[in-house]
Chemist: 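Below is a structure I'd like to ask you about.
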Amino acid sequence: MSTRQHDARAYRPQVGELVLDRRTGRTGIYMGTLGGEHYLRPEGGGREWTAEPNHVSPAPGPRDSAD
């Protein structure tokens with residue numbers, strides 16, 4: 001049995017969507033999935049990293065300012 005468990009509730013982002021890698025706390029652009037790993041790229045460009053699908057969620061929206 002694999003150490004990875006399939007989570008049917010895992011969030012499925014769209015290519016180009018800004019997402020949050022909850023494991024690292026980084027946000028990135030979702031580039032695609034290969035071999036069961038999501039590939040994310042920093043918003044300003046740079047080196048991609050992989051994240052397990054169950055660690056990816058929609059990026060939090062901008063916070064409202066309380067003036």
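Being a predicted model, the structure only gives us computed values, none of them experimental. If you read the sequence from its start, that first residue is 1, and numbering goes on from there.
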Chemist: Rounded to the nearest 0.5 Å, what separation is found between the CG atom of Leu18 and the OG1 atom of Thr27?
Modeler: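 Leu18 CG to Thr27 OG1: 5.0 Å, rounded to 0.5 Å.
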Chemist: Quick one: OH on Tyr39 to OG1 on Thr33, what's the gap to the nearest 0.5 Å?
Modeler: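 Atom-to-atom, Tyr39:OH and Thr33:OG1 are 9.5 Å apart.
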Chemist: Indicate the atoms forming the closest heavy-atom contact of Ala10 with Pro53, along with that distance.
Modeler: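 Where Ala10 meets Pro53 most closely, the heavy atoms are CB-O, 4.1 Å.
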Chemist: Looking at CD of Glu37 and CG of Leu40, how far apart are the two atoms once the value is rounded to the nearest 0.5 Å?
Modeler: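 The CG atom of Leu40 is 9.5 Å from CD of Glu37, to the nearest 0.5 Å.
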Chemist: Between Arg22 and Asn54 (side chain of the first, backbone of the second, donor and acceptor by atom type, cut-off under 3.5 Å), is there such a pair?
Modeler: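 Answer holds: yes.
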Chemist: Taking the side chain as every heavy atom from C-beta outward, state whether Glu52 and His38 have any atom pair closer than 4.5 Å.
Modeler: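 A side-chain contact under 4.5 Å is absent here.
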Chemist: Pair Val56, Tyr30 - check side chain to side chain contact (heavy atoms under 4.5 Å, CB included), show working.
Modeler: CA-CA 9 Å; Val56 174; Tyr30 172 71; 5.9 Å; no
Chemist: Please say yes or no: joined through hydrophobic side-chain contacts below 4.5 Å, possibly via intermediate residues, are Leu34 and Ile29 part of one cluster?
Modeler: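 As far as the 4.5 Å side-chain criterion goes, Ile29 and Leu34 are connected within one cluster.
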Chemist: So how far is it from His55 NE2 to Thr50 OG1, rounded to the nearest 0.5 Å?
Modeler: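 Reported to 0.5 Å precision, the distance equals 11.5 Å.
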Chemist: Is there a path of hydrophobic side-chain contacts, each under 4.5 Å between heavy atoms of I/L/V/M/F/W/Y residues, joining Tyr11 to Trp49?
Modeler: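 Both belong to a single hydrophobic cluster.
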Chemist: Can you tell me how far apart CG (Leu20) and CZ (Arg26) are? Round to the nearest 0.5 Å.
Modeler: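 These two atoms lie 11.0 Å from each other.
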